[in-house]
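Working notes, beginning with the structure itself.
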Amino acid sequence: MSAAAHPNEIRITLPDGLVRTFTRGVTGAEIAAAIGPGLAKAALAVKLDGKLVDLDLPILHDAAIAIVTRKDEADALDLIRHDTAHLLAQAVQALFPGTQVTIGPNIEDGFFYDFARNEPFTPEDLPRIEAKMKELVAADLPTRREVWDRERAIAHFKAIGEHYKAEIIADLPTTEDIKVYFHGDWHDLCRGPHLMSSGKIGTAFKLMKISGAYWRGDAKNAQLQRIYGTAWRDEKELSAYLTRLEEAEKRDHRKLGREMDLFHVQEEAVGQVFWHPKGYTLYRTLENYIRRKIADAYVEVKTPMLLDRTLWERSGHWAKYRENMFLAEVEDEKKILAVKPMNCPGHVQIFNQGLKSYRDLPIRMAEFGSCHRYEPSGALHGIMRVRGFTQDDAHIFCVPEQMTEEAIRASELIFEVYRELGFENVSVKLSTRPENRIGSDEVWDRAEADLALACDRMGVPYTLNPGEGAFYGPKLEFTLTDAIGRGWQCGTVQVDFNLPERFEAEYVAEDGSRQRPAMLHRAVLGSMERFIGVLIEHYAGKFPLWLAPVQAVVATIVSDAEDYAKDAVKALRKAGIRAEADLRNEKINYKVREHSLAKVPALLVAGKKEAAEGTISIRRLGSEKQETMPLKDAIALLAAEATPPDLRE
RNA sequence: GCCGGUUUAGCUCAGGGGUAGAGCAACCGCCUUGUAAGCGGUAGGUCGUGAGUUCAAAUCCCACAACCGGCACCA
């Protein structure tokens, strides 16, 4: 492209490819105005060579620009949310003088701002702050950007008591301009860009919650007060978001677990689950499914719950993980036992029984291992984060050359299981060496490469999670996406250099020498408890038939149909269907409502007609239609559907 | 663990120094019923736990616990 004819002119390429010439120093606002008054009015910011900048920023060089309006969803939301965060800070400082501002970034669906203030904010403060924010929007305060000298900025923010801001500036790279944005007469350090006035923000925002948050995310630092908010392009989007939150709440596994009589928790067993008959049916269905999935390639074992302290000292857990372990003392024997937080040391003990040959490898040792970890009280959450849980665990002992192949095998199992359980969308992360680790760099290089190669060979894309590996080895982490788009990290494949070494696991190699086996940890579901929680929320309690605790209810309309209904239940059960009879003296409306609320997938209604004809009237959960068919056809239909996915043709 | 909030019947929630209420569920009757609540009645609570103030505490004060929302943690 040739340079512009005149030195004071620059060439601006617009999104439609059109190139227009403007005076050097032209602003996005001016370009928008030159294109049309509508665009000028709608303009929020400029995308200058792909980077969002202020509308009033002078453009000095030839560039490709796009005027960003509310129609550009991602950019518009970014701009609006960031401005709303500033608006929040401005309102808070107006209402609560002496409050320091710190940082206020955008997050998914909104933003937050962290404040330093001795008095805590209360829930009642939120509507007040929100009202103030709307006032500031109505005032349509103009935005102004200034670039300050670093030392001046630090001195200024210190002088006005904004010590956190001063600290932020001091930590900014020296290459960075120190930009201060004014909204009316309030100002804040910010990298920008911002909308040209507060009126552009609109009023589709809402403050959501208050929480504590540590300065710079470090629990050793002071705790700040965080206010979360959400902001959208218009009221319609805001209300759609709020509706989405309500819908998510309806899926809450704690609520559904109670309503569907699946499980409960109580104070005397904090962080542990009481599985009710229906919940445990679901649990066993899932467990047996996994058991079938691994039947051909794995051996299943069961290891002790309580193991002597000396074993944990040897495994390294005593040093690294003790504060998370439950201990049991046996005074008579002066012993301290620990409740296992993991199954791996136990599995190595089994591996170590008897001499293994390279011909025996790989040994894939699985256990539905009941583990207990003393999780911080604040981390507990329903059955998703508990202190007593069961891992669908396995450890694979192999020769080092088999590592990639075994990682592939484990990963493919994970993908297959997720797909069969109704999760199509799965992402993979490769977590690499953390600062605090054991093992030489060469060993880490090799292990990370093995896992990366496994992904490549499967054709599975992965994102790198640098520094997030376990201290004993790198890992692959599998995150599935549920029905409403939330990610749940469940499966994992981890290399372990630590345990085989510490427990001196060995096998006899081809040349007769003793070698250390490589070890992989792997879990598909992760924890049974957590995964069932995910399933409940994913399906909103409406499980596919094969998982549903009660698959069919035969409900009578008149008492004359009772014997027929009982026989129908018998026949259903004989076909392997979890069926129950509802012979109560209630209207069919009442029964339909009740079993629908209980989320029974198939309601089989038997009245006088059905009893006489040997038919049944099927009503499926979620449908208002019903279909009458011969009982044996209904049984065949349901039996087919009740077949677990791995057993289908 | 930290910050804030909450805790009253099985569930959802009201009440707020004078001894506890509603709806639904449960139980008992009546109704034999045709696809999302038929009618009537009965019963049900150490008001999270402990300690205090008071003539009197579910209510006020303190401590603790559990739960909820975040933060931190998540071998």
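Not measured: the values here are computed from a predicted model. The sequence lines fix the lettering, A, B, ..., with proteins before strands; numbering per chain opens at 1. Keep in mind that the numbers below use all heavy atoms, side chains included, and drop hydrogens, waters and symmetry copies.
The shortest distance between the side-chain N/O atoms of A:R619 and the OP1/OP2 oxygens of B:A36 is below 4.0 Å. Dashed line: the shortest gap from a side-chain N or O of A:N589 to OP1 or OP2 of B:U35 is not under 4.0 Å. Put simply, A:K587 has no side-chain N or O that comes within less than 4.0 Å of OP1 or OP2 on B:G38. Neither OP1 nor OP2 of B:C74 sits under 4.0 Å from any side-chain N or O of A:Y321. Side-chain N/O atoms of A:H381 include one lying less than 4.0 angstrom from OP1 or OP2 on B:G69. For A:R226 and B:G69, the shortest distance from a side-chain N or O to OP1 or OP2 is not below 4.0 Å. One finds a side-chain N or O of A:R254 lying less than 4.0 angstrom from the OP1 or OP2 phosphate oxygen of B:C68. Between B:G1 and A:S377, a contact under 4.0 Å exists linking OP1 or OP2 to a side-chain N or O.
Judged by Watson-Crick or G-U wobble contacts below 3.5 Å, the nucleotide B:A14 has no partner. Base pairing annotation: B:U53 forms no Watson-Crick or G-U wobble pair, as no partner gives both donor-acceptor distances under 3.5 Å. Look at B:U46: it lacks any Watson-Crick or wobble partner with both distances under 3.5 angstrom. A 3.5 Å limit on both hydrogen-bonding distances identifies B:G1 as the Watson-Crick or G-U partner of B:C71. Pairing partner, B:U59: none, since no Watson-Crick or wobble contact has both distances short of 3.5 Å. Across all strands shown, B:U7 forms a Watson-Crick or G-U wobble pair with B:A65, both key distances being under 3.5 Å. Using the Watson-Crick or G-U wobble rule with both distances under 3.5 Å, B:G38 pairs with B:C30. B:A20 is unpaired under the Watson-Crick or G-U wobble criterion, no partner having all donor-acceptor distances under 3.5 Å.
With B:G70, B:A65, B:G5 as the candidates, the nucleotide lying closest to the side chain of A:E267 is B:A65. The nucleotide whose nearest atom lies closest to any side-chain atom of A:V270 is, among B:A72, B:C67, B:C71, B:C67. With B:G69, B:G5, B:U32 as the choices, the nucleotide that has an atom nearest any side-chain atom of A:K209 turns out to be B:G69. With B:G70, B:G4, B:G34 as the candidates, the nucleotide lying closest to the side chain of A:I557 is B:G34. Residue A:Y590 has its side chain nearest to B:A26 when only B:A26, B:U35, B:G69 are considered. Residue A:R584 places its side chain closer to B:A26 than to any other of B:A26, B:G70, B:G34.
Note on A:E124 versus A:R128: no salt bridge recorded, every NZ/NE/NH1/NH2 to OD/OE distance being 4.0 Å or above.
To the nearest angstrom, P of B:G5 lies 11 Å from CG of A:D125. Rounded to whole angstrom, the span from the CD atom of A:E249 across to the P atom of B:U12 amounts to 12 Å. Residue A:E586 contributes atom CD, which lies 13 Å from atom P of B:C30 at whole-angstrom precision. Spacing between atom CZ of A:F121 and atom P of B:C71 amounts to 17 Å, rounded to whole angstrom units. Look at CD on A:E594: it is 11 Å from C1' on B:A26, rounded to the nearest Å. Rounded to an integer number of Å, the gap from NZ of A:K625 to P of B:A36 is 14 Å. Nucleotide B:C2 holds its P atom 14 Å from the CG atom of A:L380, rounded to whole Å. Rounded to a whole Å, the OH atom of A:Y228 is 16 Å from the P atom of B:C3.
A:R385 comes within contact range of at least one nucleobase, with a heavy-atom separation under 4.0 Å. Within the 4.0 angstrom heavy-atom criterion, only backbone atoms of the sugar-phosphate kind lie near A:P120; the bases stay farther away. Among the heavy atoms of the strands lying under 4.0 Å from A:I210 is at least one base atom, whether or not backbone atoms are also near. Nucleic acid contact for A:K591: none, since no nucleic acid atom lies under 4.0 Å from a heavy atom of the residue. Residue A:K475 is in sugar-phosphate contact alone, with no base atom involved, counting any heavy-atom pair closer than 4.0 Å across all strands shown. At a threshold of 4.0 angstrom between heavy atoms, the contacts of A:E610 include nucleobase atoms, whether or not backbone atoms are also involved. At a threshold of 4.0 angstrom between heavy atoms, the contacts of A:L224 with the nucleic acid are absent. Among the protein residues, A:A470 comes within range of no part of the nucleic acid, since none of its heavy atoms lies under 4.0 Å from any strand. Note on A:G217: only backbone sugar-phosphate atoms sit closer than 4.0 angstrom, heavy atoms only; bases stay farther off.
Side-chain contact between A:D496 and A:L520 is absent, with no heavy atoms from C-beta onward closer than 4.5 Å. Taking the side chain as every heavy atom from C-beta outward, A:V101 and A:Y164 never approach each other to under 4.5 Å. Looking at A:R254 and A:E259, their side chains never come closer than 4.5 Å, going by heavy atoms from C-beta outward.
Across B:U12 and B:C67, the matching P atoms stand 15 Å from one another, rounded to whole Å. Separation of the P atoms belonging to B:A9 and B:A14 is 12 Å when rounded to the nearest angstrom. Nucleotides B:A58 and B:G45 have their C1' atoms positioned 11 Å apart, rounded to a whole Å. B:G40 and B:A65: their C1' atoms are spaced 43 Å apart (whole Å). Nucleotides B:A63 and B:C74 place their P atoms 31 Å apart, quoted to the nearest Å. The same atom, C1', is picked in B:A43 and in B:G4; the two are 40 Å apart, to the nearest Å. Atom name P, nucleotides B:G44 and B:G1: the rounded distance is 39 Å, in whole Å. Comparing the P positions of B:G34 and B:G38 gives a spacing of 11 Å, expressed to the nearest Å.
Side-chain atoms of A:S617 come within donor-acceptor range of the base of B:U35, with a qualifying N/O pair under 3.5 Å. For A:Q225 against B:C3, no side-chain N or O and base N or O form a donor-acceptor pair under 3.5 Å. Counting atom types as modelled, A:Y214 pairs a side-chain N or O with a base atom of B:G1 as donor and acceptor under 3.5 Å.
The 5' end of RNA chain B is approached more closely, in terms of each residue's nearest nucleotide, by A:R593 than by the other of A:R593 and A:D218. Along RNA chain B, the nucleotide closest to A:E624 and the one closest to A:R373 are compared, and the more 5′ of them pairs with A:E624.
Residues satisfying the salt bridge (Lys or Arg N to Asp or Glu O under 4.0 Å) test with A:R433, not counting sequence neighbours, are A:D441, A:D445, A:E448.
Remark: the A:Y228 side chain and the A:R226 side chain contain an N/O donor-acceptor pair separated by less than 3.5 Å. A:Q349 and A:T303 share no side-chain donor-acceptor pair at under 3.5 Å.
Across all their heavy atoms, A:A452 and A:L430 have their closest contact at CB-CD2, 4.0 Å.
Checking each of A:D482, A:L480, A:T481, A:I484 against A:H538 for a side-chain contact (heavy atoms from CB on, under 4.5 Å) leaves exactly one that passes, namely A:D482.
Aromatic ring centroids of A:F205 and A:W232 lie 6.0 Å or more apart.
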